[in-house]
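Read through the structure below, which is laid out as structure tokens, and then see the notes.
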Amino acid sequence: YRLYLQQISHQAFKKPGDLVGWMGAMQAQDYPGARWSMGLRLPDTTDAAIEKAIGEGKIVRTWMMRGTLHFVAQKDIRWMLKLLTPRIIAASAGRHRQLELEETAFSGSKKLFARALRDGRSFTRKEMYALLEDAGISTAGQRGIHILQRLCQDGLLCFASHQEKQPAFALLEDWLPPGKQLTRDEALAELTLRYFSSHGPATVHDFAWWSGLKIADVKAGLDMTASSLRTITIEKTVYWMPREMELPTGKATKTFLLPGFDEYLLGYKDRSAALDPMHANKIVPGNNGFFYPTVVIGGRVVGTWKPVVKKDHITISVAPFAPLSKTQQRAINAATGPYRDFRGTVPVS
């Protein structure tokens, strides 16, 4: 069900903006990996096509739920920021105190960037830091990234097109056309329906973890959208999913190469349906929070992989959790084709 609804084994969309809108939001800490997350869910697309959609503002990268980077659809960014970021900002107060970041620093930064970035300008992070330092606002000790993060969460800034492989920032109101506004109840109902329609079957706790919303808000969202959803119970756990859908037939057997940080794993608090907990430390080794790309066969993670770029071609290095059969090896080899087609011969930045 998850492979199907997440558009991995079944692709219903052709444009990045429509796909990201369906998903609600897509993890984007790893910029190249996030582009492949979209690429594997869109038929016959390329890395260049995803970059074009980013450059046109059809999809936007910003700090959204849980204070982590996500791609969201252009039309959704404003109401999602309004719904989700107040809790994140409140939860960041302690860290801001540690960094001696008071509201005066944030308000001063807002005025500074509102002037410097007007008329459609965009600056790299290094250039943004230089502006802050010149204005007497220290960026030392992670202060700089916390300022940029907060101003994105406040809706002043967002990521624009990369400049020479470096992320750049612009004023959200200049970068994007006006978008729809929703009341809090409308936004809560909309996000609830988006999540369970694209990530189901999923639990209340999965959605609360993914969105950063309180359990009470999740339950309120389900109350407003229950007529469009249904539940299934597996081993005494209740999962929510769309009421109406074209069910996939038979057991999922296709093989996929997923990037790190993909929604197939990170979209849920409980990842055991796809990943045996005994192998979790092979996906996220140590405490650095970095997720390795995964090999998925029949809905289960069976190993990790990485691309190896050699001049004008790409090879795939696979580290399976257990010895692979010849059939599995052939399936993995076949799954490298879509990735190579997506990448072409240009190294990812």
Please report the shortest heavy-atom distance between [X] and [Y], naming the atom on each side.
X    : Y    : value
S161 : G55  : OG-CA, 3.1 Å
L229 : W240 : CB-CE3, 3.8 Å
F113 : L148 : CE1-CD2, 4.1 Å
L257 : L40  : O-CD2, 3.9 Å
Q153 : G67  : NE2-CA, 4.0 Å
A189 : T225 : O-CG2, 3.3 Å

Just checking [X]: does its [atom1] atom have more than 12 heavy atoms from other residues, nucleotides or ligands closer to it than 6.0 angstrom?
X    : atom1 : answer
K82  : NZ    : no
R125 : CZ    : no
K15  : NZ    : no
K180 : NZ    : yes

When the ring planes of [X] and [Y] are compared, do they come out parallel, tilted or perpendicular, using 30° and 60° as the limits?
X    : Y    : result
Y4   : H10  : parallel
Y292 : F290 : perpendicular
H279 : F321 : parallel
H96  : H146 : perpendicular

Q: Show the numbers, then the answer: is there a salt bridge (Lys or Arg N to Asp or Glu O under 4.0 Å) between D262 and R41?
A: CA-CA 11 Å; D262 191 80; R41 290 169 167 86; 2.9 Å; yes
Q: Kindly indicate, with the supporting measurements, whether the criterion side-chain contact (heavy atoms from CB on, under 4.5 Å) is fulfilled by W79 and E186.
A: CA-CA 9 Å; W79 65 262; E186 289 171 339; over 6 Å; no
**Q.** Step-by-step salt bridge (Lys or Arg N to Asp or Glu O under 4.0 Å) determination, K219 to D223
**A.** CA-CA 6 Å; K219 291 180 177 178; D223 286 342; over 6 Å; no
Q. Checking R194 against W210: charged group under 6.0 Å from the ring centre and within 45 degrees of the axis?
A.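 Checked: cation-pi criterion not met.
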Q: Please determine if R2 forms a cation-pi arrangement with Y268, meaning its NZ or CZ atom is less than 6.0 Å from the six-membered ring centre and no more than 45° off the ring axis.
A: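 Judged by the rule, R2 and Y268 form a cation-pi pair.
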Q | Residue pair T336, N333: steps toward the side chain to side chain donor-acceptor pair (under 3.5 Å) verdict | A | CA-CA 5 Å; T336 65; N333 289 336; 5.6 Å; no
Q. With sequence neighbours excluded, what pairs up with R118 under the side-chain hydrogen bond (donor to acceptor under 3.5 Å, both in side chains) test?
A.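 Counting only residues at least two positions away or on another chain, R118 forms no side-chain hydrogen bond (donor to acceptor under 3.5 Å, both in side chains).
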Q) Would you say the side chains of Q181 and R78 form a donor-acceptor pair under 3.5 Å? A) no
**Q.** Sub-6.0 Å ring centroid separation between Y239 and F196
**A.**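 Judged by ring-centre distance (under 6.0 Å), Y239 and F196 do not meet the cut-off.
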Could you tell me if the side chain of [Y] sits less than 4.5 Å from the side chain of [X], heavy atoms only?
X    : Y    : result
L81  : L172 : yes
L42  : I50  : yes
R330 : T327 : yes
I215 : H205 : yes
P16  : K58  : no
V295 : P320 : no
Y339 : P307 : yes
R150 : S92  : no

Cluster overlap [X] with [Y], hydrophobic side-chain contacts below 4.5 Å:
X    : Y    : value
Y195 : L5   : no
L101 : W63  : yes
I297 : F256 : yes
I283 : F261 : yes
F159 : L151 : yes

Expected output: side-chain [X] to main-chain [Y] donor-acceptor under 3.5 Å:
X    : Y    : answer
Q11  : I8   : yes
S138 : A140 : yes
E263 : Q27  : yes
W305 : L258 : yes

Partner of [X] by side-chain contact (heavy atoms from CB on, under 4.5 Å), out of [options]:
X    : options          : value
L83  : R184, M64, M65   : R184
R35  : D47, T46, I59    : D47
L117 : L171, L131, L156 : L171

Q. R95 and Q98: side chain to side chain donor-acceptor pair (under 3.5 Å), yes or no, with the steps?
A. CA-CA 5 Å; R95 180 58 177 148; Q98 290 177 350; 3.0 Å; yes
Q | Step-by-step salt bridge (Lys or Arg N to Asp or Glu O under 4.0 Å) determination, K110 to E103 | A | CA-CA 11 Å; K110 285 182 180 179; E103 285 301 316; over 6 Å; no
If I take atom [atom1] from residue [X] and atom [atom2] from residue [Y], how far apart are they, to the nearest 0.5 angstrom?
X    : Y    : atom1 : atom2 : result
R61  : I54  : CZ    : CD1   : 8.5 Å
Q149 : D154 : CD    : CG    : 11.0 Å
L84  : I89  : CG    : CD1   : 11.0 Å

Q: Show the numbers, then the answer: is there a side chain to side chain donor-acceptor pair (under 3.5 Å) between T183 and D185?
A: CA-CA 5 Å; T183 67; D185 280 352; 5.9 Å; no
Q: Please lay out, stage by stage, how R121 and D174 fare under the test side-chain contact (heavy atoms from CB on, under 4.5 Å).
A: CA-CA 9 Å; R121 299 189 187 100; D174 285 350; over 6 Å; no
Q) Where do R343 and V309 land on the side-chain contact (heavy atoms from CB on, under 4.5 Å) test, with the steps shown first? A) CA-CA 10 Å; R343 284 280 307 270; V309 179; 3.4 Å; yes
(Q) Test side-chain contact (heavy atoms from CB on, under 4.5 Å) on K269 and D206; report intermediate values, then the result. (A) CA-CA 5 Å; K269 182 178 183 180; D206 287 329; 3.7 Å; yes
Q: Any chance you could lay out the side chain to side chain donor-acceptor pair (under 3.5 Å) test for T255 and Q328, step after step, and finish with the verdict?
A: CA-CA 8 Å; T255 301; Q328 289 175 322; over 6 Å; no
